[in-house]
Amino acid sequence: MRIDVVTVFPEYLQPLDLSLIGRARERGMLDLNVHDLRRWTHDVHHSVDDSPAGGGAGMVMKPQPWGECFDELIPTDVKPRLLVTSPAGRPFTQAMAHELAAEPWLMFACGRYEGIDQRVVDYAAERMEVTEVSIGDYVLFGGEVAVLAIIEAVTRLVPGVLGNAASLDDESHNDGLLEAPAYTRPAEWRGHEVPPVLLSGDHGKVARWRRDQALLRTAQARPDLLEGLDRGSLDKRDRLL
Ligand SMILES: COc1cccc(Cn2ccc3ccc(-c4cc(N)[nH]n4)cc32)c1
């Protein structure tokens, strides 16, 4: 998978040099490149913003650097899927993470200020698939933190990036439920015990306990997820809960 990120703060994306994503890049599983948008500016101040048309507070990212960036990075015959993060975007979910993990080439445009001139999105949409994405109903300073979150969620689904594939099987949101609580050693810590079933060695009982905990956690924290659950995925025991 190829990923390109365009930003005026390339140093914000340095965490992508670390840990499992960093290892996957070293191993050639991810072709991930971060580009400084100011590379496509020509004035002495390398300016990327201008006053908002129609007035108002703040500044807006001007279209010219973005257009020249696309001209250089995107050939005529092969197009990436362009993701533009925004508070007004489509909510990012685990389902979208799986959708994006199937793409051969993703490009992320990180906005700043009050956002990017809309014509950049409209121009790009004439040439490639563009999706505006939100990671939550709150407003960040810019797109970089959202892009880091999305890239983590997407790349951990790319085969080989996450060492132990089993980790993907029973994680939160994978079966539509939140994950059961996790424990490790010691069996007792400051008066808190590991639930005895987890030390029983009975894999059937452990699986049942984890399923029950996942359903209870989901019902408590995210009842909305239960509404969307395919009833067929609930077995008889589930329905008793
Ligand atoms: C566009 O509308 C805006 C209005 C006021 C401020 C800002 C700040 N800002 C600039 C670029 C940018 C990109 C993404 C986000 C963002 C995404 C999520 N989920 N929260 N915040 C915020 C961004 C934008």
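Numbering of ligands and ligand atoms starts at 1, following listing order.
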Ligand-residue contact atoms, ligand 1 with Gly143, heavy atoms, under 4.0 Å: 12 (C), 13 (C), 14 (C)
Is the shortest N/O to N/O distance between Ile135 and ligand 1 below 3.5 Å? yes
Out of Gly89, Pro87, Ser86, who is nearest to atom 24 (C) of ligand 1 when you count heavy atoms only? Pro87
Evaluate the side-chain hydrogen bond (donor to acceptor under 3.5 Å, both in side chains) criterion for residues Asp4 and Trp105: first the C-alpha distance (whole Å), next the side-chain angles of each, then the deciding distance (0.1 Å), finally the verdict. CA-CA 8 Å; Asp4 289 280; Trp105 183 12; 2.7 Å; yes
Go through the steps to decide whether Leu157 and Leu162 satisfy the test side chain to side chain contact (heavy atoms under 4.5 Å, CB included), and finish with yes or no. CA-CA 7 Å; Leu157 300 176; Leu162 189 62; over 6 Å; no
Check whether Ile3 and Val78 end up in the same hydrophobic cluster, where Ile, Leu, Val, Met, Phe, Trp and Tyr are linked by side-chain heavy atoms less than 4.5 Å apart. yes
Evaluation steps, side chain to side chain contact (heavy atoms under 4.5 Å, CB included), between Tyr12 and Val5: CA-CA 11 Å; Tyr12 242 102; Val5 183; over 6 Å; no
Is there a nitrogen or oxygen of Gly111 sitting under 3.5 Å from a nitrogen or oxygen of ligand 1? no
Tell me: protein heavy atom nearest atom 4 (C) of ligand 1, and distance? Glu114 OE1, 4.0 Å
Has ligand 1 got any nitrogen or oxygen that is less than 3.5 angstrom from a nitrogen or oxygen of Val139? no
Counting non-hydrogen protein atoms only, what is the nearest one to atom 23 (C) of ligand 1? Give residue, atom name and distance. Gly142 CA, 3.7 Å
Which ligand 1 atoms does Gly136 reach within 4.0 Å, using its non-hydrogen atoms? 19 (N)
Backbone N or O of Leu100 within a donor-acceptor pair of the Arg81 side chain at under 3.5 Å? no
Checking the N or O distance criterion of under 3.5 Å, is ligand 1 in contact with Thr85? no
Within a distance under 4.0 Å of any heavy atom of Tyr113, pick out the atoms of ligand 1 and give their elements. 6 (C), 7 (C), 8 (C), 9 (N), 10 (C)
Can you spot which of Arg23, Met1, Arg2 makes a side chain to side chain contact (heavy atoms under 4.5 Å, CB included) with Leu30? Met1
Just which atoms of ligand 1 are under 4.0 Å from any heavy atom in Ser134? 19 (N)
Could you go through the side chain to side chain contact (heavy atoms under 4.5 Å, CB included) check for Phe108 and Leu13 one step at a time? CA-CA 12 Å; Phe108 291 88; Leu13 284 299; over 6 Å; no
According to side chain to side chain donor-acceptor pair (under 3.5 Å), who are the partners of Thr93, at least two apart in sequence or on a separate chain? none
With heavy atoms only and a cut-off of under 4.0 Å, state how Arg112 meets ligand 1: side chain, backbone, both or neither. backbone
Closest non-hydrogen protein atom to atom 21 (N) of ligand 1, residue and atom name please, with distance? Leu140 N, 3.0 Å
From the list Lys62, His42, Gln64, side chain to side chain donor-acceptor pair (under 3.5 Å) partner of Ser47 resolves to Lys62
If we number the atoms of ligand 1 from 1 as shown, the ones under 4.0 Å from a heavy atom of Tyr138 are 18 (C), 19 (N), 20 (N), 21 (N)
